[in-house]
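Protein chains get the first letters and strands the later ones, always in sequence-line order, with residue 1 at the start of each.
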Amino acid sequence: MEAIKRIEEKWAKKWSQDKLFEADPDPSRPKYFVTFPYPYVNSYPHLGSAFTILRVDILARFKRMRGFNVLFAQGWHATGGPIVASALRLREGDPKIVETLREIGVRDEELPKFKEPQYWIRFFIKGWREDLARYGMSIDWRREFHTTSLNPYYSKFIEWQVLKLREKGLISKGSHPVVWCPKESKVVGDHDRPDEYAGISPQAAVIIKFRTEDGLVLPALTYRPETVYGAVNVWVRASYTYLIAEVDGETWVINEYAVKELEGQGFEVKITGNIRGSELVGRWVVNPATGTKIPVLPAEFVDPDIGTGIVMSVPAHAPYDYVALMDLKKDPNVLKAFNTDPSIVSGIEPVGIISVEGYSEVPARDAVEKRRIKSQHDRSLLEDATKEVYSKEYHSGVMKEGLGPWGGMPVSKAKEKITEFLAEKGFAIRIYTLPEPVYCRCGSRTHVKIVKDQWFLKYSDARWKKLAHKAVDSMSFYPEDLRKHFHSMIDWYDDWAFTHKGELGTKLPWNPEWVIESLSDSTIYMAYYAVAKYLEKGRSGVKPEQLSPEVFDYIFLGRGDPGQISSTTGIPIELLRAMREEFEYWYPVDMRISGKDLLPNHLVFYIFHHVAIFSKDKWPKGIGINGWVLIGGEKMSKSKGNFILLRQALDWWGASATRWAEVMAGADPGLDDANFEPSVADKAVEELLSWIRFAEENYGKGRTHRKRIDAWFESVLNKTIRKVTELMEEQKFKTALVEGYYNLQSAYKWYIKRAGEPQRDVLARFIEVQTLILAPFVPHVADEVWERIGKKGYASTHAWPESDRAKISDELERSEEIIKTVIQDSLEIMRFVRRPGRARIIVAAGWKYRLLEDIKKHREKGLNLREAISRAVRESTGGKKEAGRIASLVARKPEVLSLLVPRNVEIEALNDARDLIREELGVEVIVETEEQSRSPKRTQALPAKPAIHIEEIEE
RNA sequence: GCGGGGGUGCCCGAGCCCGGUCAAAGGGGGCGGGCUUAAGACCCGUUGGCGUAGGCCUGCGCGGGUUCAAAUCCCGCCCCCCGCACCA
């Protein structure tokens, strides 16, 4: 372990000294620009982020070896709420955040510094940089930067970006529902809430007004307005004290929560009194949709903290309502307590208004009975039943005839139409609500608020979508089926609220109380890598204020006159030209590799913003995606105790073994998760050290004369190069490593088995090729081997091995397969032979080869197997009966067609391998032809499948 | 709801897009053997059933179909998983 770590340190140092990965424009070489989405710097990298960035590095290194001038740059993302929220929590003395920081190794005396968001940024950027360097990332560190107004250079760039978008009419203003904390007067994001409330967001709902005779409005909140036609009563919580309030000139009975929500959504609400739920029971209200009078009844399931506290009852289609009604029917006398005649209950029956296949008139009853729900207190079963009915009806339900214009309409469509109708008539209002209570970190209950003056990116814009689709059509995707995902995401996007308050970021230039949110300030920053090298940290003496929009217009769009811009801004003209040249050379991004989490958001934005701002030749060229990393088959999480930071892995296994295990976890592109097995990393250490040893000890050794089998191994070697090269191009890095290392190594083992001592040149070539193939994966090890076998320079930057077509021989490879199957078959036969004597390997007669070749020819012309065989038999000269017999054998074993080699090659191969076969079988081996043989088994011989006769020793 | 993915041998996981070479790669685990004072590591073999000649039977969620031939193509069903806007 220490040995390999010393090697890694040694090479990391050399690379850095030689500036191996610092890339500058070089018009004489093709460029390749790869990026990894800059990480959010509120923690250290873990094995998941390490996995994705490793894929970027492998690709960068591979392309470098293929002769490209590769740029791999890395920045850091600090925009957004979590860091601010964490710093705030620390200030408040939240023990959880203290623990989190301690866990990752922050010392107690350092803790207070984390009260400042800036410190988080500085601290974790340093951590990331160290970890990535140690991990062997081939990054050009001169282009590093971080986001937000804390880096005014970057902020200038982002300001330029949004100004461009506004010029193009892609930004609008409007309103937007958010989760709101009334106490702190702010939006409550997931990072502002206790974990159990994460992910709950505003839902569109409808409030339907049920009116009493004396004009009191009972507003029922529902997600299913279309079912109002089946509402046969209204539920209230008898024990709750409702508020009476003036809303839009009407008198409403509502709960406290709805007051806040209505106020937050632009309604005037004036509380004028209160009323017990029990006082409402027994009153009659009008169903606005049907005009019928329905009673108000008590139900325990009604939660006065949700919605309006008033529920419309649709027992035919809502399991809760159905069960509550049945409960009441079972014991109507409870109504007496409310001075209400129990007999009214008997008159209430579910009214089905939606028909769904597979369900009765009353789907809610079906769902309830299926689950044997006994009362309205069986909440989890009722939730489940509700879900079922809801989704079935929405999907495949149809409004019943007799419902006026809605009759026959699918529920999914009727829902919207009916809402529209109700709203127009003043029977209902649209509202946003939270499906369950959400609390802010500060402890107060939140509600939905409509934010006015919200700025939007107009992703709904048809022209913009069209351009984005066009970009997707022209890009390459790994895996390819991402393309359709992107098309559908682009179609799906609606306007995006892109400004927030109270977070880190760049201020909106024309409205600085807003900050540009995190997804929107990270869309075209790859262009900034071209200039970061010059601007960051004031390297060229340019001040942020000098970076007027004209400067960026020139650098990124080629607009304006550099001389003039230079004189108005004071930026030297050569510097302007250099930045322009740098951008022109590196852009567009050739490949962006990311985890699947960024697929539906960042990567879509990435495309949108590029097509909006840049000319077509600067649009993204490719995207590669990979899944998460599981540890030992389980999702990585702190609570499971299997959370591994990159730095821990590097401490335990070193860079090479960590990289190896990450690749073996499943570093092919795709949405599936990879599985990191610590035991693989354990083993990799030994594996790599022994490769170094093997290479060093064997390079230059070996016999000088050549054998037949040498050519076989050369064929495999060259074919491996070809396959691995293709796999690397497709980013199938795990498959490439399996093919290029494990499979090649086992081929080498077979080679040694067959050849005894390896041939010197072949062995040397094998060691070189193997080392170069390993270079993108475990560069430290490859460079070490390279040095030890006496090569100059770096394997890391050496040319990728070329496959020599002339050395690839399918015939040789197939004949070797034949040998393997002969050995296997013979061993199987020997299981049944008591006293095996000699083994006769009988090669098929010449005419059989001609027959099979004909079959193969016909197959290749597109005939199916049966036709191909029958035609070949028909055309064959000589013994039709014999030919027919062979043909039927072939029909049962079509694989012989794919192993078919010329007869002399087969004979040669078998003779060549006779020693090995004898060794494997432990008996004497005779290779003969069907024509020579007198064995009774000889007629069974097929091309590529010689007859085998194990002679039995007589007692 | 909207969108997407998947069900393979004891387990994990390839293969399925381009049907035959798939009893189905590769791991892991199990079993047997070697090495060793022993354990570990490592190496070899074996790991659906049956079979005294390289074979046969069963088999890749369930049911049906296309085909000379289906894990692979088509239809229906069941089940599971993931993302969805202030979380970067």
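- Nearest nucleotide to the side chain of D672(A), out of rA53(B), rG5(B), rC12(B): rG5(B).
- The 12-atom threshold is not exceeded at NZ of K635(A), counting heavy atoms of other residues, nucleotides or ligands nearer than 6.0 Å.
- Residue contacts for P946(A): at a heavy-atom cut-off of 4.0 Å it reaches a base atom on one of the strands shown.
- Atom name C1', nucleotides rC22(B) and rG59(B): the rounded distance is 11 Å, in whole Å.
- Taking a cutoff of 4.0 Å between a charged side-chain nitrogen and a carboxylate oxygen, E860(A) and K857(A) do not qualify as a salt bridge.
- Classification of E226(A) and K415(A) as a salt-bridged pair fails, no side-chain N sitting under 4.0 Å from a carboxylate O.
- Side chain R859(A) to base rG20(B): a donor-acceptor pair is found below 3.5 Å.
- Nucleic acid contact for H602(A): none, since no nucleic acid atom lies under 4.0 Å from a heavy atom of the residue.
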Assess whether ring pair (Phe, Tyr, Trp, His ring centres under 6.0 Å) is satisfied between Y748(A) and F694(A), documenting all intermediate values. CA-CA 13 Å; Y748(A) 179 74; F694(A) 174 90; 5.6 Å; yes

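- As judged by a 4.0 angstrom heavy-atom cut-off over every strand, G666(A) is placed among residues making no nucleic acid contact.
- Comparing rC56(B), rG20(B), rG4(B) by their closest approach to the side chain of K484(A) singles out rG4(B).
- Base engagement by I950(A) is indicated by at least one non-hydrogen atom pair under 4.0 Å involving a base atom.
- Contacts of Q940(A) with the nucleic acid, taken as non-hydrogen atoms under 4.0 Å apart, include base atoms.
- Here L519(A) lies in heavy-atom contact (under 4.0 Å) with a base.
- Side-chain atoms of S201(A) lie closest to rA85(B) of the nucleotides rA85(B), rG54(B), rA88(B).
- Across the protein-nucleic acid pair, E739(A) atom CD and rG27(B) atom P stand 14 Å apart, rounded to whole Å.
- A donor and an acceptor atom never sit less than 3.5 Å apart when one is taken from the side chain of D494(A) and the other from the base of rA85(B).
- Figure legend. rU67(B) is base-paired to no nucleotide; pairs are counted as Watson-Crick or G-U wobble with both atom distances under 3.5 Å.
- The residue N601(A) sits close to a base: some heavy atom pair falls under 4.0 Å.
- Comparing the P positions of rU36(B) and rG55(B) gives an interatomic distance of 39 Å, to the nearest angstrom.
- A cation-pi arrangement is found for K501(A) relative to W514(A), the charged atom lying closer than 6.0 Å to the ring centre and inside a 45° cone about the ring normal.
- The interatomic distance linking R866(A) (CZ) with rA69(B) (C1') rounds to 10 Å, in whole Å.
- Here, rC78(B) and rA25(B) have their P atoms 33 Å apart, quoted to the whole Å.
- rG15(B) and rG26(B): their P atoms are spaced 15 Å apart (whole Å).
- Counting only distance, with no hydrogens or angles, the side chain of E662(A) and the backbone of F676(A) share no donor-acceptor pair below 3.5 Å.
- When each of rA88(B), rU21(B), rG54(B) is scored by its nearest atom to the side-chain atoms of E828(A), the top-ranked nucleotide is rG54(B).
- As rounded to the nearest Å, rA88(B) and rA41(B) have P atoms that lie 46 Å from one another.
- Evaluation of W496(A) against the base of rA85(B) yields a stacking contact (centre distance < 5.5 Å, interplanar angle < 30°).
- Nucleic acid contact for H485(A): sugar-phosphate only, since backbone atoms but no base atoms lie under 4.0 Å from a heavy atom of the residue.
- Residues R430(A) and E416(A) are paired through a salt bridge, judged by an N-O separation under 4.0 Å between the basic side chain and the carboxylate.
- Taking only distance into account, the side chain of R831(A) meets the base of rG51(B) through a donor-acceptor pair shorter than 3.5 Å.
- Comparing D495(A) and K749(A) by the nucleotide of RNA chain B that holds the closest heavy atom to each, the one mapping nearer the 5' end is K749(A).
- Note on L865(A): a base of the nucleic acid sits closer than 4.0 angstrom, heavy atoms only.
- Toward the 5′ end of RNA chain B lies the nearest nucleotide of S488(A), the other residue of the pair S488(A) and V179(A) mapping further downstream.
- Nearest nucleotide to the side chain of N675(A), out of rG55(B), rC42(B), rC12(B): rC12(B).
- Heavy atoms of K937(A) sit under 4.0 angstrom from at least one base atom.
- No contact: S522(A) has no heavy atom under 4.0 Å from any strand.
- Atom CH2 in W492(A) sits roughly 13 Å away from atom P in rC2(B) (whole-Å rounding).
- Here K893(A) lies in heavy-atom contact (under 4.0 Å) with sugar-phosphate atoms only.
- Here, rG61(B) and rC16(B) have their C1' atoms 16 Å apart, quoted to the whole Å.
- Residue-level contact check: K501(A) touches neither bases nor backbone, having no heavy atom under 4.0 Å from any strand.
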